[in-house]
Amino acid sequence: MSLAASIDGNRVERLHAEAHRTLAGNWRQGALADGTPYGFTCPSPPRYRHQWYWDSCFHAIVWRHFDPPRAREELRTLLRGGRLDGFIPHTIFWHERAGWRRAPFYATHSVRGDRATAHIQTPLLALAWELVAAASEHDDPNFATEGLDALRLHYDWLHTHRDPDGDGLISIIHPDESGLDDSPKYDGVFGWMSHYRPGYFWLVERSRRLRYDSHAIIERYDEHVEDVLVNVVYALSLYALARLTGDDTYLRRAQHTERALLDRCWDEQRGLFWDLAGRGHSPQRISTWSSLAPLALPSLPEPIARRLIEEHLLHPQRYRAPFAIPSVSMEEPSFRAGWHLFRCWRGPSWINTVWLLAPALRRCGYGEEADRILRSCVELVERHGYREYYNPVNGEGLAARRFGWSTLLIDLLPLGADAPGAPIATPFHGSVPGELWAMGAEAASETRRRLERGPVARWVRGTRSRNGARPRTPPTRRG
Ligand code: GLC
């Protein structure tokens, strides 16, 4: 059954209204002491109260359906948060500087209250700009051109500072620069300095001492990654910038990156793309959704796309889960479907993954599978609201609530730009006790699940079945 036939207009309308309420409640605006104005959507208060680079791009992509001026303001604010040399930070602390307590966890230049971090995030801005510009044709046609100088500077900065070996693939120097902070694909590279380990503190400190000079860091240390997802998004954005500017320099750079992904990251034997780590470009053979991200590239050869889809994305033991698309292949020993203390991207499904992969699946002729995945996302949101991520096996909603980029779902549903209006919500601030309570509940249910699967429970089940009693819980996958 097609998506339009199985999800009636009222349900879509409710999803739109809730998405609009979520973004509106998370909207923050004001001005700095020097008069610089800002307006952005924070991902989810109280946990995420600031402006995050790729979150803002996703938010603007959704805002353009409801309120194009806000979409534009979100992206303008992101540009305003950047430096004159083209660097744009991963996180910007508009209304409250990062104090010394946060410094170890935020990659800032100093521990004395910076306005922003000194590292990057997956560079989606040009692509988001193009989409928002297309939605601004009537009420602000100049938007398409007003940011071009700054966008050029930004992508030139990435080209100059993050591709020291000139192979077309840009490098990340901290795991969270991809936005996939704790992904198991970084465990082997960053080890004790992984994002979720105390050693991350040293990774930040070490970058601080070298003033975040990426050339110096890459030359001196081996912990840096040519990341597949980052480079796919970089290439897509360079194509967008080439279309916006009409400048072939960006087209050539995009093609160079695309070719490099194919020549250097593709593993013909395993049928997946791998990140390349360190000076030796050693492939990190952990299957995560990032290995499938090249599906979104416009000229990916068809046989490669088919292998990614049939051998992985639609493989029941790998990524074909009941709910959305897991962030790690279910076959990987590191896969965890549920809540994981202070760690994300180690299994749960996120909506931005579906946003990138489902249209590609449809383009390759797998429309029914794309619809199945979208239907499962609709079910997730109807059951739990726009959560940060979801358990791909049992559909449980996890982590932050009213999470901004999960509203990307509405960008994938029929009705598109003709979205009905929704009531504008009053600012939503969340509550710290509520957040702690939710984390506690998630931890408790995860502990219960682990106990039910653990050695004692297995022993009890074994005893019961030997005595003729029915086991209480069937053996489950690592849910
Ligand atoms: C988490 C995610 C990252 C996101 C941030 C704000 O750290 O891993 O991708 O940008 O939250 O939502």
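Atoms considered below: every heavy atom in the structure, side chains included; atoms not considered: hydrogens, waters and symmetry mates. Each ligand, and each atom within it, is numbered from 1 in the order the structure gives.
Side-chain rings of His224 and Phe190 stay apart, their centers remaining 6.0 Å or farther from each other. Taking the six-membered ring for Trp and the full ring otherwise, the centers of His109 and Tyr212 sit less than 6.0 Å from each other.
Of all the atoms in ligand 1, the ones that sit under 4.0 Å from a non-hydrogen atom of Phe403 are 12 (O). Listed by atom number, the atoms of ligand 1 under 4.0 Å from Pro43 heavy atoms are 6 (C), 12 (O).
Heavy-atom proximity to atom 8 (O) of ligand 1, evaluated over Tyr48, Tyr53, Trp345, is greatest for Trp345.
Every N/O-N/O distance between Glu388 and ligand 1 stays at or above 3.5 Å.
For the pair Gln121 and ligand 1, a heavy-atom separation below 4.0 Å is found.
Using a cut-off of 4.0 Å between Lys/Arg side-chain N and Asp/Glu carboxylate O, Arg162 and Glu226 are scored as not salt-bridged. Under the 4.0 Å criterion applied to side-chain N and carboxylate O atoms, Arg49 and Glu96 are assigned as salt-bridge partners.
Exactly one residue among Phe201, Tyr106, Tyr200 makes a ring pair (Phe, Tyr, Trp, His ring centres under 6.0 Å) with His195. That residue is Tyr200. The residue from Tyr390, Trp355, Trp405 that alone fulfils the side-chain contact (heavy atoms from CB on, under 4.5 Å) condition with Trp350 is Trp405.
Looking from atom 12 (O) of ligand 1 to the surrounding protein, the closest heavy atom is Asp55 OD2, 2.7 Å. Of the protein's non-hydrogen atoms, Asp181 OD2, 2.7 Å is the one closest to atom 7 (O) of ligand 1. Summary of contacts: the protein heavy atom closest to atom 9 (O) of ligand 1 is Gly179 O, 2.6 Å.
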